[in-house]
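Everything quoted here is computed from the prediction, not taken from an experiment.
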Amino acid sequence: IGIAIVTVLVSLIADKLQNTFSKLKLICSVEMILALSVLIFRYAIKIENGFVFYALVIWLEVCALFSLTLIFSYMGDFFNSHDAKRVYAYINGGIAIGGIAAGYGVNFLIDFVSPENLLFLCALLLLALGIMPILISLKYKTIEVDIDAEEGEEEIKYDLEACEELLKE
């Protein structure tokens, strides 16, 4: 129930934040804040209160949900609807495979790293996710979609340099 409630709250908060800040600044700052919060949980675990563990599980779901919401919103600036339908299927498949691989990876890592220290790795991955949109924005340009065009007749204006770069790759 906690995760369901938090999902609704995160969706509402993400919508408000996306209307207030630029997506690039929002993703970078939110990911830094989430990474810091995971580090705080890392040290809060020492309290050994059952509530902290439940709160951590819910908070990690919040981190995942917030990150996915923001990154998919950001990626929407780089794809038209036709390209997004093709690419998002691969991305979602990668997320599913990554979740399975991470589960098995944790079994391997647990032999070398204590469970509470895995939160350092989690924070590091959140920070990396905050840096990735900066790298994407340096290499690729967003597309402009004419939202006033009639449905099914999107007029897409590509940045010529970005298209040439994609064709070279």
Side-chain angles (χ1 to χ4, degrees), residues 1-79 84 87-142 162 165-166 169:
I1 295 175
I3 293 173
I5 293 170
V6 170
T7 299
V8 171
L9 292 175
V10 166
S11 298
L12 293 172
I13 292 169
D15 186 48
K16 295 285 185 199
L17 290 174
Q18 287 179 2
N19 293 332
T20 306
F21 301 103
S22 76
K23 287 181 186 174
L24 189 60
K25 290 179 184 176
L26 181 64
I27 291 172
C28 295
S29 58
V30 165
E31 296 303 327
M32 282 190 248
I33 291 168
L34 293 177
L36 179 63
S37 69
V38 168
L39 292 176
I40 291 169
F41 266 108
R42 161 57 181 92
Y43 293 104
I45 287 176
K46 292 183 179 185
I47 297 171
E48 294 191 15
N49 182 345
F51 174 76
V52 173
F53 294 106
Y54 289 117
L56 175 61
V57 169
I58 292 172
W59 187 247
L60 290 176
E61 288 293 327
V62 168
C63 291
L65 179 66
F66 228 140
S67 297
L68 284 172
T69 302
L70 292 175
I71 204 71
F72 270 98
S73 172
Y74 183 69
M75 289 185 335
D77 294 343
F78 293 91
F79 299 108
V87 174
Y88 283 7
Y90 290 110
I91 293 170
N92 285 328
I95 290 170
I97 292 170
I100 294 168
Y104 286 112
V106 167
N107 283 336
F108 173 74
L109 284 175
I110 208 73
D111 293 335
F112 303 104
V113 182
S114 65
E116 58 269 0
N117 286 337
L118 284 176
L119 290 173
F120 287 126
L121 178 61
C122 182
L124 181 67
L125 291 172
L126 285 168
L127 285 175
L129 187 57
I131 294 170
M132 286 171 40
I134 296 171
L135 299 174
I136 291 169
S137 70
L138 291 174
K139 182 157 177 135
Y140 301 104
K141 302 293 181 209
T142 60
E165 283 182 38
L166 287 173
E169 295 178 358

Checklist outcome for this item: One should read off an interatomic distance between R42 CZ and I45 CD1, to the nearest 0.5 angstrom, of 7.0 Å
Item to check | F21 atom CZ, neighbour heavy-atom count above 12 within 6.0 Å | outcome: no
Next on the checklist: Which heavy atom of V52 sits nearest to which heavy atom of A44, and what is that distance?
Outcome noted: CG1-O, 3.8 Å
Item to check | I136 CD1 to L24 CG distance, which is reported to the nearest 0.5 Å | outcome: 9.5 Å
Checklist entry - Side-chain contact, heavy-atom cut-off 4.5 Å: L9 with I5? => result yes
Checklist entry - Are the side chain of K23 and the backbone N or O of S73 linked by a donor-acceptor pair below 3.5 Å? => result yes
Next on the checklist: Could you check whether any side-chain N or O of N117 sits under 3.5 Å from a backbone N or O of V113, counting only pairs where one atom can act as donor and the other as acceptor?
Outcome noted: no
Checklist entry - How far does CD of E61 sit from CG of L56, to the nearest 0.5 angstrom? => result 10.5 Å
Next on the checklist: If you apply the rule side chain to side chain contact (heavy atoms under 4.5 Å, CB included), what do you find for L68 with I95, and how did you get there?
Outcome noted: CA-CA 10 Å; L68 284 172; I95 290 170; 3.8 Å; yes
Checklist outcome for this item: Contacts of Y74 meeting ring pair (Phe, Tyr, Trp, His ring centres under 6.0 Å) (sequence neighbours excluded), chain-then-number -> F78
Checklist entry - Between C122 and L60, what is the shortest heavy-atom contact and its length? => result SG-CD2, 3.9 Å
Next on the checklist: For a side chain to side chain contact (heavy atoms under 4.5 Å, CB included) check, start with the C-alpha distance between Y88 and M75, then their side-chain angles and the critical distance, and finish with the verdict.
Outcome noted: CA-CA 9 Å; Y88 283 7; M75 289 185 335; 3.7 Å; yes
Next on the checklist: On a heavy-atom basis, which atom in I110 and which in P115 lie closest, and how many Å separate them?
Outcome noted: CD1-CG, 3.5 Å
Enumerate donor-acceptor pairs with a distance under 3.5 Å from any side-chain N or O in residues 28-40 to protein atoms, sequence neighbours excluded.
{"residue": "S29", "atom": "OG", "partner": "K25", "partner atom": "O", "Å": "2.8"}
{"residue": "S29", "atom": "OG", "partner": "L26", "partner atom": "O", "Å": "3.2"}
{"residue": "E31", "atom": "OE1", "partner": "S67", "partner atom": "OG", "Å": "3.1"}
{"residue": "E31", "atom": "OE2", "partner": "S67", "partner atom": "OG", "Å": "2.9"}
{"residue": "S37", "atom": "OG", "partner": "L34", "partner atom": "O", "Å": "2.6"}
{"residue": "S37", "atom": "OG", "partner": "W59", "partner atom": "NE1", "Å": "2.6"}

Next on the checklist: For L109 and L121: C-alpha separation, side-chain torsions, deciding distance, then whether side chain to side chain contact (heavy atoms under 4.5 Å, CB included) applies.
Outcome noted: CA-CA 11 Å; L109 284 175; L121 178 61; 3.8 Å; yes
Next on the checklist: Could you tell me if the side chain of L17 sits less than 4.5 Å from the side chain of F66, heavy atoms only?
Outcome noted: yes
Next on the checklist: Return the CD1 to CG distance between I13 and L65, rounded to the nearest 0.5 Å.
Outcome noted: 10.5 Å
Checklist entry - Taking atom OH of Y54 as the centre, does the number of heavy atoms from other residues, nucleotides or ligands within less than 6.0 Å exceed 12? => result no
Checklist entry - Nearest 0.5 Å, what's the CE-CD1 distance between M132 and I27? => result 10.0 Å
Checklist outcome for this item: Note: S137 and I134 closest approach over all heavy atoms is OG-O, 2.8 Å
